[in-house]
Every structure is written in C-alpha cells, then in structure tokens.
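Residue numbering restarts at 1 for every chain, and letters A, B, ... go by the order of the sequence lines. Note that the structure is a prediction, hence the values are computed from the model and not measured.
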2 protein chains.
Amino acid sequence: MADIADVARLAGVSTATVSRALNGKTASAATREKVLAAAAELGYVVSSNASGLASGRTRHIGFMVPFIDRWFFTDLLTGIESVLLSQGYDVTLYDLQGNESQRDQVFGSSLRRASIDGLIAASIELTPDEIRALRALGKPVVSIGGYIEGATAVDVDNARMATLATEHLLSLGHTRIAYVGAGRTIASAFQLGDARYDGWLSAMRAAGLEVEGTGFWEADFDIPSGYAAAKALLAHDRPTAIFAASDEIGIGCMLAARDLGLRVPDDLSVVGIDDHKLSAFFGLTTLAQDPAGQGRLAAHLLLAQLDNPGAAPEHRTLTPRFVVRSSTARPGGAVHGTA
Amino acid sequence: MADIADVARLAGVSTATVSRALNGKTASAATREKVLAAAAELGYVVSSNASGLASGRTRHIGFMVPFIDRWFFTDLLTGIESVLLSQGYDVTLYDLQGNESQRDQVFGSSLRRASIDGLIAASIELTPDEIRALRALGKPVVSIGGYIEGATAVDVDNARMATLATEHLLSLGHTRIAYVGAGRTIASAFQLGDARYDGWLSAMRAAGLEVEGTGFWEADFDIPSGYAAAKALLAHDRPTAIFAASDEIGIGCMLAARDLGLRVPDDLSVVGIDDHKLSAFFGLTTLAQDPAGQGRLAAHLLLAQLDNPGAAPEHRTLTPRFVVRSSTARPGGAVHGTA
DNA sequence: CTGAAAGCGCTAACAA
DNA sequence: TTGTTAGCGCTTTCAG
C-alpha cells in the first residue's frame, strides 16, 4: 500500500507538505491540488495507527450501551453511525451486556488503549471507579439518557412525558388510569429512575384522583411482560385506561385486552412512550422519543467538543412529540384520533 | 499515562522484555511476574496505535451489516461482541444503511486505514469493486449468510429449513399450504436468494401437491407486512396452513388471522423461520436460527484465521433447531405441540 | 508556504 | 532468556 512518502515523491513535495495538504492545514492551492491528485492516483489512505500515534487522534468514537439488542439502542446507534461515518469517524461498540468480566475488560483495557477520541454512553449507570476511569481518559464524553459528571448530556424529560401522557387520558375524561411500568430495579438499568412513575402520580394527584385502587403494575420493558401485567391487572380491576411506561409494554397491554375480549379503545384506552417501530402498526398513541435523532445530536455534540476542547459541557433536553393514534378515546366510546 | 519505558524502569528490565512478557512471548516466570506487577502498579495499558504501528495488528475487528436495526443483526452482534471482547478485541461497526456515500466511505476509507485485523460481514451483497477492495486488504474475512469469494462462511441451509417447515405441515395432514415471504428484491438484500421459496416449492411438489391456487404471497420481513399479506391472502383463499419466510411475517399472519376471526391453530396453522424474540410469546412454531450462536462461531473462526493465516477458508453450515409450539396442528383440529 | 528532522510508543530482528 | 537497535508511517515543531 502506498504510503505518504510515495505520495510526496509523486507530487514532488515533502511528506510534511502532503500531511498538511491532506489535513486541511496551510498549503497553497496549487500544492494541495498536486497532492490530492497524487494521493488519488496511488489510492493513498492514511494509516490510522501512524497518524494516531503521531497526533494523538484516532478518528474512532466509542459507543457504550448496557445491551444492544433493544430497539432504543440500535436506533441510537443508527443515528450515531450516520453522522460519524460521514465525518470520517469509525464507531467502536462497547456492549456491557454479559458477565462482569466483559464490563471490566471494557473499562480496564479497551477504553484505555487510547484508541478512541471520545465516547458516547447510553443509559449507563457507572460505578465510582468507572467514572474515575472515564475521567482519567481526558476524552470528551456525551451521555444519552443518564447523568455522568462532567459530560455533555442528551436526554428527554421522562417525568414530563409521563405527565403529558396521563393528562392526555385525563383530558379524554378518564379517571381510573392504571400505570404499567418498570419497578425500581429495571428502571434503574435504563436510567429512567422512577421518573415515569412520578409523572403519572403527580398528574393523577393534580387532578385530585385516587391512585390506590387502580394503582401500579410492574412490568419489564417488553411485550410479554406488558401482556402478563395487563392480564393480572384486568383480572383484578377494570380501569378505563392504562398508561404504559413504554410502547412495548403498551402493545402487550393491547394484546391482553383483546384476548380478554375488551375492545381498544372502546373498553380500554392505552397510551405508551417511545414510538416504537411497531406502534404505528398497532395504532398505539404515544410520545415519540426519536432515538435516532438523539443519536445524531449526541454525535454532533461530541464532534463539537472535539473541535473545541475547552467548551463547557452542555445539557440538551429534547422535546417529545405527541403521536395520537387509535388506542385512546373517551371512556366507553368515540375515537379521539385517527390511525 | 505510564508508558512501556516506565514499566521497564520499575521492573528493572528492558522495554523489549516488557513487551514480550506482556504479550505472552518467551520470558522467564520470574521476569514475567516482575513485569506484571510493575504494569499493574502503574496502571499501564499498551497504546493500540503504537502497538499497531509496530506490529501491524490492531486488535480491532470490523463488523459489516446492511443495517443494524433488525433483530437478526443485533443478535449476531451480541454473539460476536461476547467472544471478541473477552479475547481483548474491540468491534468496530460498519453500518451500510443510508446513502451510497456512507457505503463508499466505509469501503474507500474506513476499511483501508488498516485499522482492523479482520472483518465479519453479514448478509452483504458486494459489488465487484468492493470485493476487490476487500481482497486488497489481505485481512481474513468471515461472511455470515452470504458468499464472499475466498472468505470463510457461516450460514444456514435456507432451502432445507423451508423444506423442513413445509414437511412439518404436510406431516400434520395439511395440503393447502400458502407461502408468505420475500420477493426477489427483498430476499436478495438479505442474501436469502429464493432459497426459502424454493424449499417450500420442492416440498410441495415432492408431496404431489398443487401450488397454483394457494400460492405465493409477497411480504417484507416484518410484522406489518406479514399482516397485510395474510389479510389479502385470507380474503382471497382459505388455505389450512401458512409457511412464513420469517417469524415476523408469521406473527403478522397470526395477528391477521385473529382479526379475521380465525383461530390458530384450529382454523389456520402457521410456521415460521428464525425463533425471533417474540415467537415464544406468540406460540409460533419455527425453525430456530440462533444468530447469537452464528455470531460466536463467526468470531471464533476469524480468531482462528488470525492465529493461523495460512489456513484455507472453511464453510460451516449450521443445523437449525425445530421448535414446535402452539401455532401448528392437524387441519381443523387437535393441537400438535405444547406452548 | 514549505522542508528537515525529531519523535509518538511499541515490536521484532539480531546478538549476546 | 534478555538487551540493543531499528524502524512502523505519520505529524509537528522549528527554520527558512
């Protein structure tokens, strides 16, 4: 493979000039053109190792997730890749799923080989040691949906989303609204805390409504778990509406209602959070999170920090978009939105 | 950050000895211990750039996919990460989704920066230019579910799976079996060719059955598309069974049947291919593909090639596992399997 | 604006 | 088994 010396020879300049011309540093237009032509002719591409060793930059960005096999994280990844690849950055994935040793491997070694210029961490709960390890890197970090000290943050206001969803049901005239969502353990893995639960609770209380009877039903963030929770809930009680902490839970609730002979939305309204890929299909009313957009924003913010290392960390809270579909209506009746 | 010279100084040996001790090359037990202790004390981690530049190895593996936001590819990735991370390799993702420029970027530049030691490519259809680019790298390549000349291949026998699925229905006594699956365009994006269609066809013909009437119904590999196809199919004809080219299609078919007032499996049997995460929930009978296992195997094969560069490329065809659930039964009646 | 030269941190001959 | 010595291919002062 051609190296920088070959290009320099062909262009009739020094390797230093080739380097400058290729990296957009000072070089006369004529020189730059000669260099570009020579590089193209030889099919020259810089060696990332050599370049990285000499400059300290690698053009690799790390993306750290608790697990990758969930809709939210893959959509984040898609968004991140789309901006980073086009800027000439590669994305290295650190999947913390699996045993502890995989996690230690990532923090103890992978991250520290100085092989990345920056990191995007999604929904990661870090130990104090891990935070220290991250800070020791001295590389910019952007967190998505979770707080990391000193890092730029991108998130959505979960409590606010839950309040909006609940208020939507309230405004339709529902008073008996159950919450199906994550317990503390699961919520914390997603860094949601109890924000969605709290949002529901405060909206209900603000409306002067009783919460004890209909209450809270625990479910993991997936369809089967939402289904099971709704089955249990509906066997025990008959609220007119369910606020589901995620669309997957909401879809599970809709399927359970159907299996119980209940019509959605006539007998039961359901609203979720996410705008999951399947939600349009099921007609689920929801608050859209747009993870791909979050990923793109995170990538842009990281790039900005790379260009401007001195800048103070930012905190961007995204506004969810309300998507009304056919799963919500006035209690007992008329459809509110259209599919 | 401590570098190799610091470790050498603290251990009282040369940098070369440190390098050898750390890389498992010849070194006396006593020396190795001293070096390890010194490295641990200083928190030393090798610089991947320096090491890569000197040795030509980067401990980075590329994983190339047509898109990452599909169950199959994320599960592959999970499997790949689990073995590669534990062996000290990082995984860089090349997502070809999006515009052509993203693809050109990957082939023209990312891959060629010599930043990976090897590549795993899943379901990728390459242009002649791209194959040339890949071969020029001189790095080992493992392909999953698609053929790349000179590369080690991991796949499943799609035609055989389709035949098995169809034969399962035949053995239950079904004779009118529709196929809902991908048209040529979509199938080729997944590198499935028409193998699943062919498998269905040959099983039907071997059983001496007519195919014209019930026939082939086109659908993309997702739930909404399977739903729409089944709605159209069942409005037009009433086969007693459907063979779906993927579980997501199959789930769509089950939902459509239910909405039409048909009971599964009493009025309609459905069998799919994949063992998708949701299939157990829906009780779908299927042929399991185990993508995480495919990913782990591909990673192991790649590692083996890295250790032994001379070895000839292998071709491993995995055997699917039949998972009988509650979506298939004798026509008109009794359940065959259990949920 | 450009060239010469000194490294970036490590590995791999080669000797000893 | 270990140390010495060249680089790996590039970027970046520092002069000019």
Specify the residue among Thr26(B) and Asn23(A) whose closest nucleotide of DNA chain D lies further upstream toward the 5′ end. Thr26(B)

DNA chain D nearest-nucleotide lookup for Val18(A) and Ala50(B): closer to the 5′ end is Ala50(B)

Donor on one side chain, acceptor on other, Asp157(A) and Thr317(A), under 3.5 Å: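 Not at all, the side chains of Asp157(A) and Thr317(A) share no donor-acceptor pair under 3.5 Å.
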
Strictly below 4.0 Å: does [X] bring a side-chain N or O up to OP1 or OP2 of [N]?
{"X": "Ser47(A)", "N": "dG9(D)", "answer": "no"}
{"X": "Ser51(A)", "N": "dT11(D)", "answer": "yes"}
{"X": "Lys25(B)", "N": "dT2(D)", "answer": "no"}
{"X": "Thr31(B)", "N": "dT2(D)", "answer": "yes"}

Give one of base, sugar-phosphate or nothing for Arg57(B), where a contact means two heavy atoms less than 4.0 Å apart.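 Sugar-phosphate contact only.
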
Using a cut-off of 4.0 Å on non-hydrogen atoms, how would the nucleic acid contact of Ala16(B) be classed: base, sugar-phosphate, or nothing?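 If one applies the 4.0 Å heavy-atom cut-off, Ala16(B) turns out to touch a base.
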
For atom CZ of Arg59(A) and atom C1' of dC10(D), their distance in whole Å: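 My rounded result for the distance is 14 Å.
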
Polar atom pairs (N or O), protein with nucleotides 14-16 of chain D, under 3.5 Å:
none

Walking along DNA chain C from 5' to 3', note the first and the last nucleotide with an atom under 4.0 Å from a heavy atom of chain A, and give both.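 Range of nucleotides touched by chain A: dC1(C) to dG9(C).
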
